[in-house]
Amino acid sequence: DLRAMADGGSPDEPSSKYKEELHKIVQREKRDIAPTPSMLPWLGRSATQTMDGILKKISEASGVDQGTIVVAGGLIGAAGAATLAAAGAFKLLKYTGFAMRIKNNRHIPPGAISTHETVCGIVTRIEDENTFRMLHAPFVYSMVARPDLDAPDSETLRIRLAGVDVMGMDSTKKMLPRGKSVAVQLVSEAVVDKEAVAAIVWERYYPFASSVNLRLVSQGFAKVAKVDNRVLRIHFSSLHAQLKRAEWVSQNLRRGKWDETKPGLGWSIIKGVRTMIVYFASFVRGSSTQK
């Protein structure tokens with residue numbers, strides 16, 4: 001209506017006044033729909049003003065000029081960053097780090113066993129069914145030096161498979177051939193063999209695969225140890241339960257070394273049903289124990 005009155009005028013007031021009002025309304029509309037400026041410069045100015053105010057108050061309270069306070073704050077920040085970097089590097093390199101190599105069992109720090117650290121290395125030889133020698137080869141060491149598979153015992157770690165008794169050295173040699181890269185999680189000092197350390201063994205570059213301990217039991221080449229697994233039951237209860245279930249299944253299905261006698265068809269059916277019952281019952285017992 002105002003636009004029309006501006007064009008044609010009004011009988012009471014001259015047309016120029018309506019044009020002036022229309023001009024004001026148009027300018028106000030342009031102002032309202034104009035894009036808002038970025039908030040970043042305002043935030044920067046606000047942060048700068050806040051910091052200036054804080055520095056001014058600190059300077060007035062301490063009697064030190066603001067330049068000195070800024071330099072001291074920078075030095076404190078650099079010292080804090082250096083401390084965090086050193087702590088991270090120590091965490092990365094402690095016990096098993098990427099550069100520190102453990103020569104033999106005597107050089108294993110006690111804290112590495114109690115905290116169940118993981119060390120990586122290469123299998124050099126098999127001593128018996130449950131024990132093998134491993135050359136500790138961290139990442140940096142393996143990059144700059146060629147691992148010596150003929151290293152003497154004084155340069156290798158003596159590792160015993162935790163929680164299992166392997167039935168035959170051939171099975172151990174097949175699972176852990178000479179030169180194989182493995183990752184070993186230290187469990188405890190072996191009770192049966194005082195010179196060895198009990199450990200859970202994995203293939204180094206297959207982190208989602210089952211452990212060698214579990215695979216030996218599930219394939220029927222090993223059984224759960226009756227001794228030397230107290231720490232395994234307490235700190236690795238899930239793995240110990242898996243070992244027990246795998247032993248039941250492999251024994252009743254006559255896998256691996258359990259297949260020394262050839263059962264008949266009737267016995268196989270009975271054992272198969274029994275295996276299924278025991279297998280599912282173990283899950284029920286495990287869930288009730290967790291509750």
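Below, all heavy atoms of this structure are taken into account, side chains as well, without hydrogens, waters or symmetry copies. Because the structure is a prediction, the values reported are computed rather than measured. One is the number of the first residue; the rest follow in order along the sequence.
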Requested in this report: Output all residues satisfying ring-ring contact (aromatic ring centres under 6.0 Å, His included) with H107, sequence neighbours left out; order by chain, then residue number.
Outcome: none
Query raised in the report: Using 4.0 Å as the upper bound for N to carboxylate O, is an ion pair formed by R215 and E203?
Result: yes
Report task. Measure from the side-chain N and O atoms of N213 to the backbone N and O of V164, and report whether any donor-acceptor pair falls under 3.5 Å. Result -> no
Report summary line: Taken in chain and number order and not counting sequence neighbours, the residues that satisfy side-chain contact (heavy atoms from CB on, under 4.5 Å) with P152 are S154, E155
Query - I108 to I102 - nearest heavy-atom pair and separation - result: CG1-CG2, 3.8 Å
Query raised in the report: How long is the span from the CD atom in E247 to the OG atom in S218, to the nearest 0.5 Å?
Result: 11.5 Å
Requested in this report: Report the C-alpha distance between V184 and T118 in whole Å, list the side-chain angles of each, state the deciding distance to 0.1 Å, and finish with yes or no for side-chain contact (heavy atoms from CB on, under 4.5 Å).
Outcome: CA-CA 5 Å; V184 174; T118 300; 5.9 Å; no
Query raised in the report: Is there a donor-acceptor pair under 3.5 Å between the side chain of S250 and the backbone N or O of V217?
Result: yes
Report task. For S171, check side-chain contact (heavy atoms from CB on, under 4.5 Å) against everything at least two apart and list the hits. Result -> V166, L216, F221, K257
Query raised in the report: From C120 SG over to L135 CG, what is the distance, rounded to the nearest 0.5 angstrom?
Result: 12.0 Å
Query raised in the report: Counting N and O atoms only, with roles assigned by atom type, does the side chain of N130 sit under 3.5 Å from a partner on the main chain of L161, one being a donor and the other an acceptor?
Result: no
Query - Sequence neighbours excluded - side chain to side chain donor-acceptor pair (under 3.5 Å) pairs with any residue from residues 237-246 - result: none
**Report entry** Where L157 and N105 come nearest, the two heavy atoms and their spacing
**Finding:** CA-OD1, 3.3 Å
Query raised in the report: With sequence neighbours excluded, what pairs up with K173 under the side-chain contact (heavy atoms from CB on, under 4.5 Å) test?
Result: I126, M169
Query raised in the report: Checking T131 side chain against R160 main chain: does a donor-acceptor pair fall under 3.5 Å?
Result: no
**Report entry** Donor-acceptor pair, side chain of T124 and main chain of R133, under 3.5 angstrom
**Finding:** yes
Requested in this report: Please round to the nearest 0.5 Å and tell me the distance separating atom OG1 of T156 and atom CD1 of I122.
Outcome: 12.5 Å
Query raised in the report: Closest approach of V187 and A162, non-hydrogen atoms and distance?
Result: CG2-CB, 4.1 Å
Query raised in the report: Is the shortest heavy-atom distance from the side chain of Q185 to the side chain of V119 under 4.5 Å?
Result: no
**Report entry** Flag if over 12 foreign heavy atoms under 6.0 Å of CD, E189
**Finding:** no
Requested in this report: I would like to know whether V201 and F132 meet side-chain contact (heavy atoms from CB on, under 4.5 Å); could you show each step before the answer?
Outcome: CA-CA 11 Å; V201 183; F132 66 95; 4.0 Å; yes
**Report entry** Transitive ILVMFWY cluster of L75, excluding itself - 4.5 Å side-chain cut-off
**Finding:** V71
Query raised in the report: Hey, what's the ring geometry for H116 with F236, parallel, tilted or perpendicular (30° and 60° as the breaks)?
Result: perpendicular
**Report entry** Rounded distance (nearest 0.5 Å) linking atom OG1 of T115 with atom NE2 of H235
**Finding:** 11.0 Å
Query - Side-chain heavy-atom pair N104, D153 within 4.5 angstrom cut-off - result: no
Query raised in the report: Hey, is D150 close enough to R178 for a salt bridge, meaning N to O under 4.0 Å?
Result: yes
Query raised in the report: Any idea which heavy atoms bring L243 and G163 closest together, and the distance?
Result: CD1-O, 4.2 Å
Query raised in the report: Should Q219 and M175 count as side-chain neighbours, where that means a heavy-atom distance under 4.5 Å?
Result: yes
Query raised in the report: Atom NZ of K223 and atom CD of Q251: how far apart are they, to the nearest 0.5 Å?
Result: 9.0 Å
Query raised in the report: Minimum heavy-atom separation for S211 to I200, with atom names?
Result: CB-CG2, 3.7 Å
Query raised in the report: How long is the gap from CG on L186 to CD on E117, to the nearest 0.5 Å?
Result: 8.0 Å
